[in-house]
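These notes are about the structure you will find just below.
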Amino acid sequence: MLKRTKVVSLLAADKPEQQVLVKGWVKTRRDAKDFSFIELGDGSCLKNIQIIANNNLSNYDEVKKLTTGSSLAVTGALVESKGGNQKYEIVADNIEIYDVADEDFPLQKKKHSDEYLRTIAHLRPRTNKYGAAFRVRSELSYAIHKFFHDRGFRYVHTPLITGSDCEGAGEMFQVTTLDLNNPPRTKDGKVDYSKDFFGKEAHLTVSGQLNGEMYAMALGDIYTFGPTFRAENSNTTRHAAEFWMIEPEMAFADIYDDMDLAEDMVRYCVKHIMEHCAEDLDLFNKFVEPGLLDKLNNIVENGFARITYAEAIEIMKNSGHKFEYKPEFGIDMQTEHERYLAEVHFKRPVIVRDYPKEIKAFYMRLNDDGRTVAAMDVLVPGIGELIGGSQREERYDVLVQKIHEMGMHEDDYAWYLDSRKYGSVPHAGFGLGFERMMMLVTGIGNIRDVIPFPRTPNSINF
RNA sequence: UCCGGCUUAGCUCAGCGGUAGAGCAAUCGGCUGUUAACCGAUUGGUCGCCUGUUCGAAUCAGGCAGCCGGAGCCA
């Protein structure tokens, strides 16, 4: 029995073959006098293979009616093409038609807008651009695992459902099995969550970090890579309600180790994609973001700039640039500030560290100056914040005081605080939005177009 | 959530007070080792929804909805 060969292998063949079997979808069909050209793609690569369907095929009448989107199995000889645009093509001796796509198949032989393709997100991976994007997504995901694995990091699966109602990273989606039309009530009229599935309120996780820290305290270097949920009413090109996050955590590490890891990781992944997805990146470079390859090269070759928050404020103050929000020590950096630093001043990714403690999370380590924390953000041209990380506060007393200062309840963090009681060590980590790295690598400008089925406010189709 | 823009044929858009158009797609036919092929014909629209102004509204005004962009929140 003849085994199926993928299009990517056929196009890479070094010699003609007597007989091959290829299966895929019709991208377009053109009739010649005594035969028909079929462009067949199977998603294994950007390019299609050209099929020559001669009129001596037993089902030639049906072949001539094949529409874009139809599915086929083709058996035939792989021969050198007489046409100019491809090395090989297949002369079919048999075409088995799985399904003829209805004539209202919405993907036409032309460019479609991203907005329209979002309304047919179930079909858009069959287009060149989205096929390329999701091959890159798969490869990028592999690159991340490989990067950490090669460095001895362990992959930890932190929970998606959490009982901590305040992980401190945003609004949460509630998870419940109660009947919302008729929930059980306590005596004072409140919803009685002791009757809920977990016996208390539960939510989808907004971060695996706190759990991840516990495993860093045991396995040394760990990372998580999984979905994360934020119920923020954010309507931007950079936010989704469901997204994937990578969160490494290193024991015996400080903020400088953290920055090194972040930079190494981004550069490694970009390099990996440039080497393994060259054809797909060419498409993005041509049609999505002209100059993309130069930008990526720049990241791999030149690395990231590094400054403190205080230095960043000074740079902006002395820049002569008009900011809507005046840069002053103590402000939370606005998008315009981040963009200025990465896009105008440094023209490459920049890592800003040592932020005022008031604008950062409770678990970030207090610096010796008493007014800043060992936090770092990686800011990237075109995207803004790609990574947010910090050295964690490992001192029990300082951490407890911080929890109180921020109006949080010590009891809620009892298990977390245990890690600071039993062999606490300096440690650091960061969170990286996977989709934002996808945007960086592909040049695609909207987060909705780099995740297969995007979830955003008011939108949960497919 | 705030600010701005957009919504007309399957898709991309033009029309901006006088009653609906183009290109592409689809369908049919022709030509052809073609390359998002080419040539001809045909089909296709309560102009987002509601209210108002007007002799007359796709066009002007108000409201609503959806989408897009920017901002905030962040990854």
Side-chain angles (χ1 to χ4, degrees), chain A residues 27-39 47-54 64-65 67-69 79-86 89 91 101-120 127-128 167-171 205-209 224-247 262 287 324-325 332-339 359-361 377-380 383-389 430-440 445-451 456-459:
Chain A
K27 299 298 170 176
T28 166
R29 195 178 56 77
R30 294 177 288 273
D31 290 326
K33 192 173 180 193
D34 298 317
F35 60 95
S36 190
F37 293 104
I38 300 168
E39 292 277 337
K47 291 206 172 85
N48 306 309
I49 189 141
Q50 178 162 281
I51 310 289
I52 309 296
N54 284 307
K64 281 198 78 161
K65 286 183 191 148
T67 52
T68 300
V79 302
E80 285 182 18
S81 177
K82 292 179 197 166
N85 285 20
Q86 58 279 320
E89 63 191 16
V91 179
D102 287 359
E103 65 190 42
D104 60 355
F105 182 62
L107 295 174
Q108 302 168 10
K109 291 179 276 188
K110 66 168 205 167
K111 193 180 188 309
H112 288 287
S113 68
D114 293 323
E115 291 79 11
Y116 172 62
L117 290 170
R118 257 171 241 153
T119 68
I120 49 168
T127 63
N128 289 338
E167 287 170 338
E171 290 297 308
T205 185
V206 292
S207 164
Q209 182 199 315
T224 73
F225 184 2
T228 306
F229 309 89
R230 306 261 169 103
E232 304 284 354
N233 189 9
S234 295
N235 292 288
T236 82
T237 53
R238 303 182 301 282
H239 295 264
E242 179 183 288
F243 64 100
W244 286 60
M245 192 150 66
I246 296 116
E247 295 180 289
F287 300 115
E324 197 173 329
Y325 290 90
D332 210 347
M333 273 211 231
Q334 308 286 307
T335 296
E336 58 168 339
H337 301 133
E338 298 179 348
R339 293 185 73 117
I359 61 173
K360 288 292 181 181
D377 285 351
V378 178
L379 311 178
V380 181
I383 292 169
E385 190 179 332
L386 176 69
I387 289 174
F430 62 77
L432 178 151
F434 183 56
E435 284 74 19
R436 290 193 182 172
M437 186 147 63
M438 273 294 292
M439 294 167 72
L440 172 70
N446 195 314
I447 197 168
R448 288 171 263 243
D449 300 332
V450 296
I451 190 165
T456 51
N458 262 314
S459 172

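Naming: A, B, ... by sequence-line order, numbering from 1 per chain. It should be emphasised that the depicted structure is a prediction, and the values quoted were computed from it without experimental measurement.
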What's the gap between G15(B) and A58(B) when it is taken at their C1' atoms, as a whole Å value? 9 Å
C16(B) versus A61(B) - spacing of their P atoms, nearest Å: 15 Å
Report yes if a side-chain nitrogen or oxygen of Arg448(A) is closer than 4.0 Å to either non-bridging phosphate oxygen (OP1 or OP2) of G69(B); otherwise report no. yes
Regarding the side chain of Gln108(A), the nearest nucleotide among C24(B), C68(B), U35(B) is C24(B)
Starting from C1' on A75(B), measure out to CG on Asn446(A) and report it in whole angstrom. 15 Å
Does C73(B) have OP1 or OP2 under 4.0 Å away from a side-chain N or O of Ser234(A)? no
So Met245(A) and Gln209(A), do their side chains get closer than 4.5 Å, heavy atoms only? no
Any Gln86(A) side-chain N or O less than 4.0 Å from OP1/OP2 of U35(B): no
Please state whether the phosphate of A37(B), meaning OP1 or OP2, lies under 4.0 angstrom from any side-chain nitrogen or oxygen of Thr28(A). yes
C38(B) pairs with, by Watson-Crick or G-U criteria that keep both distances under 3.5 Å: G30(B)
Respond yes when some side-chain nitrogen or oxygen of Lys109(A) is under 4.0 Å from OP1 or OP2 of A37(B), and no when none is. yes
Ile51(A) has an atom CD1; how far is it from atom P of U34(B), in whole Å? 18 Å
May Phe37(A) be described as stacking on the base of G33(B), applying a 5.5 Å centroid limit and a 30° limit on plane angle? no
Are any of the side-chain heavy atoms of Ile120(A) and Leu107(A) separated by less than 4.5 Å? yes
Does a side-chain N or O of Arg30(A) approach OP1 or OP2 of A37(B) to a distance below 4.0 Å, or not? yes
Scanning all shown strands, the Watson-Crick or wobble mate of A9(B) with both distances under 3.5 Å is none
Whether Arg238(A) contacts C73(B) is assessed here as follows: a side-chain N or O lying under 4.0 Å from the phosphate OP1 or OP2. Is that the case? no
